[in-house]
Novice: 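My structure is below; once you've seen it, I'll send some questions.
Because the structure is a prediction, the values reported are computed rather than measured. These numbers come from the heavy atoms of this one structure, side chains and all, not from hydrogens, waters or symmetry mates. By convention here, the first residue in the shown sequence is residue 1.
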Amino acid sequence: MRYILLVLAMLALPVSASADSTNPRSVAGIMPSCQAAFVNIEDPNALACIMYVSGVSDVFTSHVLDTPMPVCSPEGTNTMDVIGAFVSWSRRNPDVWNEDVFRGVVMALIERYGC
C-alpha cells in the first residue's frame, strides 16, 4: 500500500521547469527509442523503451501487492501493445513531452487500460 501511495504522490509532484527534449528521462527523450521498437525490435536503441515501459507496466499490472491498481490490461496484452499505447498517448499530448517518462507511461496506461 505504501508503494501505491508513493507512486500516486510522484504523479502529483510538479515537473521541473528544466526538463527538455534532450532529457532521456522525459517523454520526448524516450520517444525515439519507442519509435525504433516498431521498426526493429532488436535495435539496441529500442531496448531503452522496451525495458522501461515493460517494467512500469509490470508494476502496475501485477497482482502480488494485494492492492487494487489503476491499470487493468486485458489478458494477452504484451509490451508492444503498451508501447503503442504510450506512443499514441504521447502524440496526442505534446504539451507533456517535457514531463518525466514515468509519469507519461503511467498516464498512458491509465488512459488505455484504466480499471
Novice: Measure the shortest side-chain to side-chain distance between Pro74 and Tyr113 over non-hydrogen atoms and say whether it is less than 4.5 angstrom.
Specialist: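 Counting from C-beta outward, Pro74 and Tyr113 do come under 4.5 Å.
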Novice: Please collect all disulfide bond (SG atoms under 2.5 Å apart) contacts where either partner lies in residues 75-115, sequence neighbours excluded, each pair once.
Specialist: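 Non-adjacent pairs meeting disulfide bond (SG atoms under 2.5 Å apart): Cys72-Cys115.
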Novice: According to side-chain hydrogen bond (donor to acceptor under 3.5 Å, both in side chains), does anything in residues 77-89 pair up with another residue at least two apart or in another chain? List the pairs.
Specialist: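 Sorted pair list: Ser88-Arg92.
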Novice: In chain order, what residues pass the side chain to side chain contact (heavy atoms under 4.5 Å, CB included) check against Asn40, with sequence neighbours excluded?
Specialist: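 If we apply the side chain to side chain contact (heavy atoms under 4.5 Å, CB included) test to Asn40, skipping adjacent residues, the hits are Glu42, Asp43.
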Novice: What distance separates Ile41 CD1 from Met80 CE, expressed to the nearest 0.5 Å?
Specialist: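 It comes to 5.0 Å.
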Novice: Taking transitive links into account, so neighbours of neighbours count too, which hydrophobic residues share a cluster with Leu47 at under 4.5 Å side-chain distance?
Specialist: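 Once heavy-atom contacts under 4.5 Å are chained together, Leu47 belongs with Met51.
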Novice: Please assess Asn98 against Val27 for the test side-chain contact (heavy atoms from CB on, under 4.5 Å), listing each intermediate value before the final yes or no.
Specialist: CA-CA 6 Å; Asn98 290 335; Val27 171; over 6 Å; no
Novice: CD1/Ile83 to OG/Ser54 distance, rounded to the nearest 0.5 angstrom?
Specialist: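 OG of Ser54 is found 7.0 Å from CD1 of Ile83.
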Novice: Test Ile30 against Phe86 for side-chain contact (heavy atoms from CB on, under 4.5 Å), laying out the working first.
Specialist: CA-CA 10 Å; Ile30 202 167; Phe86 171 67; 3.7 Å; yes
Novice: Locate the shortest heavy-atom distance separating Gly84 from Arg112; write the atom from each residue and the value.
Specialist: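 Closest approach of Gly84 to Arg112, heavy atoms only: O-NH2, 4.4 Å.
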Novice: Could you pull out the closest heavy-atom pair between Ala36 and Ala46, with the gap in Å?
Specialist: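 For Ala36 versus Ala46, the nearest heavy atoms are C-CB, 3.9 Å.
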Novice: If you look at every heavy atom in Ser57 and Val82, which pair is closest and at what distance?
Specialist: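 Looks like OG-CG2, 3.7 Å.
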